[in-house]
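What's counted below: heavy atoms across the whole structure, side chains too, no hydrogens, waters or symmetry copies.
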2 protein chains.
Amino acid sequence: MTVLPNLSEHYSDPKTYPPGVAFMDGQYLPISEAKISVLDYGLLHSDATYDVVHVWNGAFFRLENHLDRFFAGLEKLHMSIEYDREQVIEILHNCVALSGLKNSYVEFICTRGMSPTFSRDPRDAVNQFIAFAIPFGSVANQEQMKHGLHAAISSFVRIPPNSVDPTVKNYHWLDLVRGLYEAYDRGADTAILVDTNGNVSEGPGFNIFAVIDGRVLTPKLGVLLGVTRQTVFDICTNLDNDCSAVDIPQDQLLVADEVFISSTAGGIMPVTKVNGQYIGDGSPGQITSQITESYWDMHNEKNNKFVIKYLDEK
Amino acid sequence: MTVLPNLSEHYSDPKTYPPGVAFMDGQYLPISEAKISVLDYGLLHSDATYDVVHVWNGAFFRLENHLDRFFAGLEKLHMSIEYDREQVIEILHNCVALSGLKNSYVEFICTRGMSPTFSRDPRDAVNQFIAFAIPFGSVANQEQMKHGLHAAISSFVRIPPNSVDPTVKNYHWLDLVRGLYEAYDRGADTAILVDTNGNVSEGPGFNIFAVIDGRVLTPKLGVLLGVTRQTVFDICTNLDNDCSAVDIPQDQLLVADEVFISSTAGGIMPVTKVNGQYIGDGSPGQITSQITESYWDMHNEKNNKFVIKYLDEK
């Protein structure tokens with residue numbers, strides 16, 4: 001007689017989760033409850049787009065820019081959600097407010113979803129919207145914020161635009177993860193990938209900037225059009241610094257006066273070593289520091305922030 | 001006073017699922033219960049590898065080849081699971097046996113997982129193993145199996161090997177999905193992507209073959225080393241057909257005598273139209289039919305099958 005193990009009725013989850021609140025299918029949930037089916041094409045085909053906005057001191061920073069990109073991405077991927085822009089804002093707001101987090105990393109996702117018959121035709125799938133707020137996280141830790149990151153330029157090429165449209169924020173990260181492990185092997189903290197022409201492109205979760213002869217430069221093509229990247233352009237305009245999107249050969253990065261990275265997860269972060277070589281004098285540069293200061297100052301400007309109404313505020 | 005919506009204790013899932021059984025964290029579950037956290041990097045970075053084996057008439061087909069590839073992929077991605085090969089076989093067997101499915105699509109996955117602190121360092125994550133058995137599915141439906149698929153050669157380039165290693169079976173499909181929508185727009189059933197040199201590469205879930213002057217040809221580089229692709233090589237050896245992995249310029253595909261695709265999801269499937277032009281006389285070719293017949297015959301060979309012991313067999 002064949003003896004088989006028992007079939008459990010419900011999944012018992014052994015994992016522990018960070019604090020946070022999620023939204024799925026009309027329900028606000030503890031982050032530990034926010035799960036997608038293993039049949040969702042968001043997992044099985046990485047067929048999804050998303051955005052991340054951060055909350056700092058109880059207010060979203062530049063939420064509108066993130067929403068613009070998210071809704072544009074949906075259209076490019078032939079996806080739709082049942083919520084309009086105002087409703088998405090309300091959902092994101094409620095996730096943060098219910099979490100009580102004053103500094104938060106807020107992600108909103110649309111996956112292709114699944115069809116009840118597991119059809120392989122993406123047009124048969126019901127798209128799935130998910131949002132969650134968890135504690136604020138940064139690409140760089142405090143030590144790295146102070147002294148700078150060590151980045152290794154990878155031999156791997158960032159997935160090119162003629163394969164995957166980089167302006168649609170996506171989860172295709174195996175090249176970046178491959179770069180990260182390579183960087184760890186070389187004693188670095190993070191990786192910088194190149195484009196198909198050998199120019200600098202982007203790293204795992206961030207855009208890259210080089211300061212050369214007083215000019216602030218960032219890769220032009222094949223990169224995510226980061227909201228923080230755009231913020232750097234805006235800051236440079238205010239500071240009367242020249243900031244341009246250009247091709248940056250990898251050799252040029254090594255001899256730059258300053259290097260920094262930008263991300264919603266951490267803001268502006270100094271890079272003081274590339275491929276084991278110090279950049280400038282090996283400490284965060286003056287223009288980098290100036291831009292970092294302006295970046296955090298901007299969080300207090302009325303037109304950049306959207307204030308969360310928490311439960312304890314009566 | 002701020003009024004916020006209620007936080008639900010548990011997620012109430014409105015979706016319906018196909019029949020099937022999954023395995024996660026030591027538990028066998030109905031497929032509807034198999035879910036991963038939205039914080040799992042398998043979703044958030046598509047940082048995962050997987051394999052799919054099919055069960056036909058109550059037996060796995062060429063399970064060993066799928067296991068070889070899966071374990072090799074784990075190593076290349078710096079992942080590990082707590083089960084050895086024999087244990088994975090037992091898990092896959094039990095999923096199918098518990099599902100009762102005689103023809104099944106059996107997928108097993110390892111995701112990077114998550115860390116309780118949501119660390120961005122992949123080395124901090126606890127890798128997650130998942131397996132599931134659902135009803136057998138095919139790239140081509142019955143009509144297409146009989147009359148052949150219409151494929152459109154895409155202008156999009158399959159993600160190149162210097163970005164993502166195609167020998168590690170992965171979920172980076174946005175290029176393939178983009179190709180699919182483009183194909184639908186052009187009245188075709190599916191898409192064939194090209195490589196960076198403009199040669200034929202692969203399609204959404206399948207390898208491609210062209211029969212030219214009696215030779216069976218398939219792209220050499222930048223493609224998944226499909227188990228069904230290898231099976232075609234083996235069949236050709238048995239049939240005394242010349243089968244080679246070579247560069248196939250896209251123009252050559254249009255003037256091929258026969259075209260077919262191979263996948264664990266469907267086996268050998270004829271393509272009778274490419275870019276709106278008939279291939280050969282527009283019906284499935286003789287060599288294609290011969291290989292298809294051999295493919296299904298091989299399912300009865302003892303060394304290719306692993307018989308499932310279902311509950312009703314005493």
Side-chain angles (χ1 to χ4, degrees), chain A residues 1-2 4-8 10-12 14 16-18 21-22 24-25 27-29 33-39 42-47 78 94 97-98 116-118 120 122 130 132 134 137 139 156-160 162-164 170-175 177 180-181 309-311 313-314, chain B residues 1-2 4-8 10-12 14 16-18 21-22 24-25 27-29 33-39 42-47 78 94 97-98 116-118 120 122 130 132 134 137 139 156-160 162-164 170-175 177 180-181 309-311 313-314:
Chain A
M1 190 185 144
T2 308
L4 290 174
N6 284 326
L7 195 64
S8 309
H10 295 293
Y11 173 54
S12 166
T16 50
Y17 293 87
V21 168
M24 279 180 76
D25 296 311
Q27 304 158 55
Y28 291 92
L29 300 155
E33 288 289 311
K35 296 187 180 125
I36 61 158
S37 169
V38 294
L39 302 184
L43 172 67
L44 297 185
H45 291 165
S46 194
D47 193 357
H78 309 268
N94 289 346
L98 286 168
T117 60
F118 199 55
R120 300 176 71 91
I130 306 152
F132 62 83
I134 54 173
V139 172
F156 302 122
V157 171
R158 182 68 179 123
I159 294 171
N162 56 5
S163 294
V164 176
N170 66 73
Y171 291 133
H172 282 37
W173 266 57
L174 276 181
D175 51 345
V177 173
L180 265 182
Y181 275 97
K309 290 181 186 142
Y310 295 90
L311 256 191
E313 287 158 10
K314 294 181 182 173
Chain B
M1 190 185 144
T2 308
L4 291 174
N6 284 327
L7 195 63
S8 308
H10 295 293
Y11 174 53
S12 164
T16 50
Y17 292 86
V21 167
M24 278 180 78
D25 295 310
Q27 302 158 57
Y28 290 93
L29 300 155
E33 288 288 310
K35 293 180 184 142
I36 62 158
S37 170
V38 295
L39 301 184
L43 171 68
L44 298 185
H45 290 165
S46 193
D47 193 357
H78 308 267
N94 290 345
L98 286 168
T117 60
F118 199 56
R120 301 177 70 93
I130 307 154
F132 62 82
I134 55 174
V139 171
F156 302 122
V157 171
R158 182 67 179 123
I159 295 170
N162 55 6
S163 293
V164 176
N170 66 74
Y171 291 133
H172 282 39
W173 267 57
L174 277 180
D175 51 345
V177 173
L180 266 181
Y181 276 97
K309 289 180 186 143
Y310 295 91
L311 255 192
E313 289 159 8
K314 293 182 183 172

**Complete:** Comparing Val164(A), Ile36(A), Ile134(A), Asn94(A) against chain B, the one with the most heavy-atom pairs below 4.5 Å turns out to be Ile36(A)

**Message:** Need one label for Val177(B): side chain, backbone, both or neither, based on atoms under 4.5 Å from any heavy atom in chain A.
**Reply:** side chain

**Prompt:** If you tally heavy-atom pairs under 4.5 Å against chain A, which of Ser12(B), Pro14(B), Pro160(B), Gly137(B) wins?
**Reply:** Ser12(B)

**Request:** Please determine, among Ala22(B), Pro18(B), Pro122(B), the option with the most heavy-atom pairs under 4.5 Å with chain A.
**Result:** Pro122(B)

**Message:** Using the rule given for side chain to side chain donor-acceptor pair (under 3.5 Å), can you reason through Asp25(A) versus Tyr11(B), listing the C-alpha separation, both sets of side-chain angles and the distance that settles it, and then say yes or no?
**Reply:** CA-CA 9 Å; Asp25(A) 296 311; Tyr11(B) 174 53; 2.4 Å; yes

**Item:** Portion of Leu44(B) that has a non-hydrogen atom of chain A nearer than 4.5 angstrom
**Value:** both

**Message:** For Val157(A), which atoms come within 4.5 Å of any heavy atom of chain B: side chain, backbone, both, or neither?
**Reply:** both

**Request:** Starting at OG of Ser37(B), measure out to OH of Tyr17(A) and round the result to the nearest 0.5 Å.
**Result:** 4.5 Å

**Item:** Gap between atom CH2 of Trp173(B) and atom CZ of Arg158(B) - 0.5 Å precision
**Value:** 8.0 Å

**Message:** When you compare the side chain of His172(B) with that of Ile159(A), does any pair of heavy atoms fall below 4.5 Å?
**Reply:** yes

**Item:** Contact class of Leu174(B) relative to chain A, heavy atoms under 4.5 angstrom
**Value:** both

**Complete:** Assert top hit (heavy-atom pairs under 4.5 Å, partner chain A, pool His45(B), His78(B), Lys35(B), His10(B)) equals His45(B)

**Request:** Please tell me if the side chains of Leu4(B) and Lys309(A) come closer than 4.5 Å, counting only heavy atoms from C-beta onward.
**Result:** no

**Request:** Select one option (side chain, backbone, both, neither) describing which atoms of Phe132(A) are under 4.5 Å from chain B's heavy atoms.
**Result:** side chain

**Message:** Can you tell me which of Leu7(B), Thr16(B), Asp175(B), Asp47(B) forms the most heavy-atom pairs within a distance under 4.5 Å of chain A?
**Reply:** Leu7(B)

**Fill in**
Whatever's closer than 4.5 Å to a heavy atom in chain A on Val139(B) counts as both

**Request:** Sort Leu29(A) into side chain, backbone, both or neither according to what part of it lies under 4.5 angstrom from a heavy atom of chain B.
**Result:** both

**Item:** Heavy-atom pairs under 4.5 Å with chain A, option from Thr117(B), Leu39(B), Val38(B) with the top count
**Value:** Val38(B)

**Request:** Report yes if some heavy atom in the side chain of Asn162(A) is under 4.5 Å from a heavy atom in the side chain of Phe156(B); otherwise report no.
**Result:** no

**Interatomic distance, Leu98(A) atom CG to Tyr310(A) atom OH [nearest 0.5 angstrom]** = 11.0 Å

**Heavy-atom proximity to chain B below 4.5 Å, by part of Leu180(A)** = side chain

**Item:** Structural part of Tyr181(B) lying under 4.5 Å from a heavy atom of chain A
**Value:** side chain

**Item:** Which of Asn170(B), Asn6(B), Ile130(B) touches chain A most, by non-hydrogen pairs under 4.5 Å
**Value:** Asn6(B)

